[in-house]
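Chain identifiers are assigned alphabetically (A, B, ...) following the order of the sequence lines, protein sequences preceding nucleic acid strands; residue numbering begins at 1 within each chain.
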Amino acid sequence: MEGSETSGDTAQPWQSYHTVYTNAKAGMEGVDKEKVQRIVYEMSKGSKYFENEERKEAFIRQKIENLQAQCAKLTEADISNYQKVAEKRMLELEATRDLSRCWLHVDMDAFYAAVETLSNPTLKGKPMAVGSISMISTANYEARKFGVRAAMPGFIARKLCPELIFVPTDFKKYTYYSDLARKVFQRYDPNFTATSLDEAYLDVTEVCKERSVTSKEIAKELRACVYEETGLTCSAGVAPNRLLAKVCSDINKPNGQFVLPNDRMAVVTFISSLPIRKIGGIGKVTENILRGVLGISTCEQLLQKGGYICALFSQSTSDFFLSVGLGIGATSTPQARLRKSISNERTFSATEDEAQLFRKLEELSEMLSVDMQKEGLCGRTLTLKLKTASFEVRTRAVTLQKYISSRDDILKHAVKLLKAELPISLRLIGLRVSHFSEDKCGSPSDPTQKPITNFIASRDPKKSCSLLLPDVTDNDPVETPVDDASSSDYNEVSKVLGSDLCSLGDQSGSSSLDNVTCMPNLSEDEQLNSCQDETLLWFNDYRCSICGIELPPSFVEERQEHSDFHLAEKLQKEESGIQPRTATLSQRFGREKISQHRVNPRNRSCLGKKVDTCRLIIFLLKTVKACKLYYIILYIYILLYSITLQGWIFVSCVFFLVMKCV
DNA sequence: GGGAAAACATTAT
DNA sequence: TTCCAATAATGTTTTCCC
């Protein structure tokens with residue numbers, strides 16, 4: 001960022017292009033920043049990523065302008081009033097200052113890179129980065145001299161340093177060395193807090209007292225022990241609170257330490273000239289906003305502009321800014337925090353192929369379910385994260401009445417969320433589950449399930465209606481028990497996913513709609529009632545649950561056609577429905593709350609048309625599959641005639657049904 | 001109007 | 001020639017629903 005804000009010069013456009021990795025990091029002091037910035041700009045310019053970054057920057061500029069306007073509206077009286085509020089708050093915060101503790105923040109130096117060098121000493125002295133051509137996790141100090149650093153895409157790093165060696169990440173290795181280091185930390189503070197594999201906070205107050213040594217000596221000894229046990233170097237910062245200790249550990253990196261005495265004057269002097277960006281929690285955006293709106297770049301200025309800060313920001317935000325200005329931070333050992341969410345996401349080459357997208361979703365559901373079951377977690381909020389081909393990030397969430405953790409439950413709800421966004425071209429899909437149950441739920445069975453629903457949810461293909469039925473096991477007063485549309489949705493997806501999705505419920509290899517010979521405990525009428533308007537089942541292995549037609553299992557092709565016929569019929573009902581898609585969504589999702597992406601009303605009709613077209617294509621494809629070739633020829637013939645009519649879809653569907661009946 | 005949920009943004013490693 | 005991650009937490013704003 002340094003000095004670059006002053007230039008609006010179009011001859012040097014790279015000066016206004018900032019990323020997290022154009023900011024200086026330890027070991028990058030001698031780097032030709034201008035050259036790095038120019039190369040990063042040249043490599044990025046014109047890309048979709050770049051365009052999205054520009055959009056985001058424009059958004060931040062707008063935010064700054066809005067805050068400036070808000071500032072301009074403040075009267076003298078307002079300002080004086082807010083100044084009083086700020087002063088009062090500063091006094092209150094000052095009263096909470098605690099200089100009795102000694103906190104030590106320890107940070108392993110270029111951790112992943114150092115571990116890799118340890119296991120492969122030939123890398124020593126060579127510029128090396130851990131990560132891939134798409135993203136770098138850590139760069140060693142040799143690479144940093146070229147401007148290469150963490151969070152930088154590998155292809156840009158290679159341009160900056162053509163001889164850069166890439167090493168893939170190996171978390172097993174890092175976890176092993178991290179555990180070794182943590183054993184050392186434990187000797188100094190049994191309740192230390194690890195914030196990542198390579199960082200930890202230790203309260204060394206007691207150990208200093210017990211051994212009558214200074215915190216400086218403790219830090220030195222700890223670093224020596226870590227080196228002895230792991231062969232890796234680390235840096236340490238010692239200060240009266242965690243916020244300051246973190247800042248201090250960065251000062252003499254690598255393999256160094258910095259101690260800030262437990263003295264108010266020392267703290268205030270230290271913090272006053274510190275750039276706000278050095279503070280954990282103040283990133284690129286906050287820095288830009290504070291500088292753009294209030295001209296703040298050092299912590300001292302946070303206090304000087306306290307009145308404006310209280311006027312513009314929420315209480316929690318202004319409290320944070322004021323305590324930073326005072327050098328006040330947390331001094332108590334944080335409670336062991338319980339995990340609040342679990343997620344996974346994958347980036348891939350952008351695609352709008354729905355089958356591919358659903359396959360990705362299926363893989364993610366599987367992975368997430370495995371992770372959740374490993375940790376015995378069940379959650380009731382599922383969030384789908386999408387990154388479009390143009391790098392726009394969207395999230396769509398649903399909160400259920402029932403806690404879920406199984407792959408099928410996750411997939412079922414994720415599919416609904418994704419379907420509402422189609423058609424879409426994506427480069428990333430992610431799934432997150434939150435709102436965990438307080439009870440561990442390792443057992444796959446749900447004690448709240450009623451016997452019948454339990455039976456239906458069973459994965460045994462011999463007993464189960466399985467995946468093709470909507471999950472009535474939600475046992476949910478909010479969700480509608482069984483919803484025709486949702487079942488049809490799920491069938492559509494089953495078709496799209498093909499055998500992958502169906503394999504769990506269908507190990508016989510027969511058609512997806514043909515795999516069910518179930519509900520032995522119910523009478524046929526009961527079965528018919530419960531399955532009316534639902535997915536097709538073959539009762540007693542020969543009778544269709546929807547129309548009652550009898551077809552023995554050996555009539556494989558005929559049964560497939562029959563299944564497709566009902567499916568097409570269902571689709572036709574959907575297609576000829578007069579409600580717009582936005583209205584049908586609430587029906588589809590029962591009474592679950594689904595927040596829709598806010599669509600610009602101007603684009604809504606356009607989107608609707610696209611969706612309609614897409615659905616028409618699906619319908620046609622299914623029709624083609626369901627018909628013999630001679631039907632198709634006749635179908636196209638009639639279609640060409642009927643296309644001139646307004647209701648041609650309807651006419652086509654009627655024709656199709658007539659042909660099937662014939 | 002207020003609380004809950006959803007959507008979005010920011011930050012850190 | 002083209003290429004920009006994964007995971008988790010938290011805060012703010014917007015939307016929904018009673």
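Nucleotides B/dA12 and C/dA5, compared at atom C1', are 14 Å apart to the nearest Å.
As rounded to whole Å, 8 Å separates atom C1' of C/dC3 from atom CE of A/Met43. Nucleotide B/dA6 holds its P atom 12 Å from the CZ atom of A/Arg396, rounded to whole Å. Distance A/His435 NE2 to B/dA4 P: 10 Å, rounded to the nearest Å. The nearest whole Å value for the distance from the CG atom in A/Asn52 to the C1' atom in C/dC4 is 11 Å. Summarising the geometry, the separation between CZ on A/Arg242 and C1' on B/dA12 is reported as 15 Å, rounded to the nearest angstrom. Going from atom CD1 of A/Ile289 over to atom P of C/dG11 covers 16 Å, rounded to whole Å. Computed from coordinates, the A/Leu386 CG to B/dA6 P distance equals 15 Å when rounded to whole Å. Atom CD of A/Glu287 is separated from atom P of B/dA12 by 11 Å (rounded to the nearest Å).
For A/Lys56 and A/Glu53, the salt-bridge test passes: some basic side-chain N is under 4.0 Å from an acidic carboxylate O. Under 4.0 Å is where a charged nitrogen must lie from a carboxylate oxygen, and between A/Arg339 and A/Glu375 at least one such pair does. Salt bridge annotation for A/Glu42-A/Lys45: present, with a cationic side-chain nitrogen under 4.0 angstrom from a carboxylate oxygen.
Listed by first and then second residue, the ring pair (Phe, Tyr, Trp, His ring centres under 6.0 Å) pairs that reach into residues 365-402 of chain A are A/Tyr49-A/Phe391, sequence neighbours excluded. Within the structure, salt bridge (Lys or Arg N to Asp or Glu O under 4.0 Å) contacts touching residues 310-338 of chain A (residues at least two apart or in different chains) are A/Arg89-A/Asp319.
If you check the side chains of A/Gln70 and A/Asn66, you find no donor sitting under 3.5 Å from an acceptor. A donor-acceptor pair shorter than 3.5 Å can be found between the side chains of A/Ser235 and A/Asp109. Remark: the A/Asn288 side chain and the A/Arg61 side chain contain no N/O donor-acceptor pair separated by less than 3.5 Å. A donor-acceptor contact closer than 3.5 angstrom links the side chains of A/Thr381 and A/Thr399.
Of the listed nucleotides (B/dT11, B/dC8, C/dT12), C/dT12 has the atom at the smallest distance from the side chain of A/Ser314. Considering only the side chain of A/Arg277, B/dA12 comes nearest among B/dA5, B/dA12, B/dT13.
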**Request:** Using a 4.0 Å heavy-atom cut-off, write out nucleotides 5-10 of chain C from 5' to 3' as B (base contacted by protein), S (sugar-phosphate only) or - (no contact).
**Result:** BBBBSS
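Of the residues near DNA chain C, A/Phe313 and A/Ser47, the one whose nearest nucleotide (by heavy atom distance) lies more toward the 5' end is A/Ser47. Comparing A/Lys63 and A/Asp107 along DNA chain B, the residue whose closest nucleotide (by nearest heavy atom) sits nearer the 5' end is A/Lys63. In terms of position on DNA chain B, the residue among A/Thr383 and A/His105 whose nearest nucleotide sits closer to the 5' end is A/Thr383.
Residues forming a side-chain hydrogen bond (donor to acceptor under 3.5 Å, both in side chains) with A/Thr175 (at least two apart in sequence, or on another chain): none.
A/Gly280 comes within 4.0 angstrom of the backbone, heavy atoms only, and of no base. Looking at heavy-atom distances under 4.0 Å, A/Thr138 makes no contact with the nucleic acid at all. In this structure, A/Ile279 reaches the sugar-phosphate backbone alone: every heavy-atom distance under 4.0 Å involves primed, P, OP1 or OP2 atoms, never a base. Residue-level contact check: A/Arg158 touches neither bases nor backbone, having no heavy atom under 4.0 Å from any strand.
Annotation: side chain of A/Leu426 is in contact with side chain of A/Leu418 (closest heavy-atom distance under 4.5 Å). Between A/Tyr112 and A/Val167, every side-chain heavy-atom pair lies at or beyond the 4.5 Å cut-off.
With A/His105 as reference, A/Tyr201 is the one residue of A/Phe258, A/Phe185, A/Tyr201 to meet the ring pair (Phe, Tyr, Trp, His ring centres under 6.0 Å) rule.
Between the side chain of A/Ser44 and the base of C/dC4, a donor-acceptor pair under 3.5 Å is found.
For the segment residues 315-322 of chain A, the set of residues with a heavy atom within less than 4.0 Å of an atom of DNA chain C comprises A/Ser316, A/Thr317, in numerical order.
When the side-chain nitrogen and oxygen atoms of A/Thr286 are compared with OP1 and OP2 of B/dT11, one or more of them lie within a distance under 4.0 Å.
For DNA chain C, runs of at least 3 consecutive pairs of the Watson-Crick or G-U wobble type, with both hydrogen-bonding distances under 3.5 angstrom, map to B:1-13 with C:6-18.
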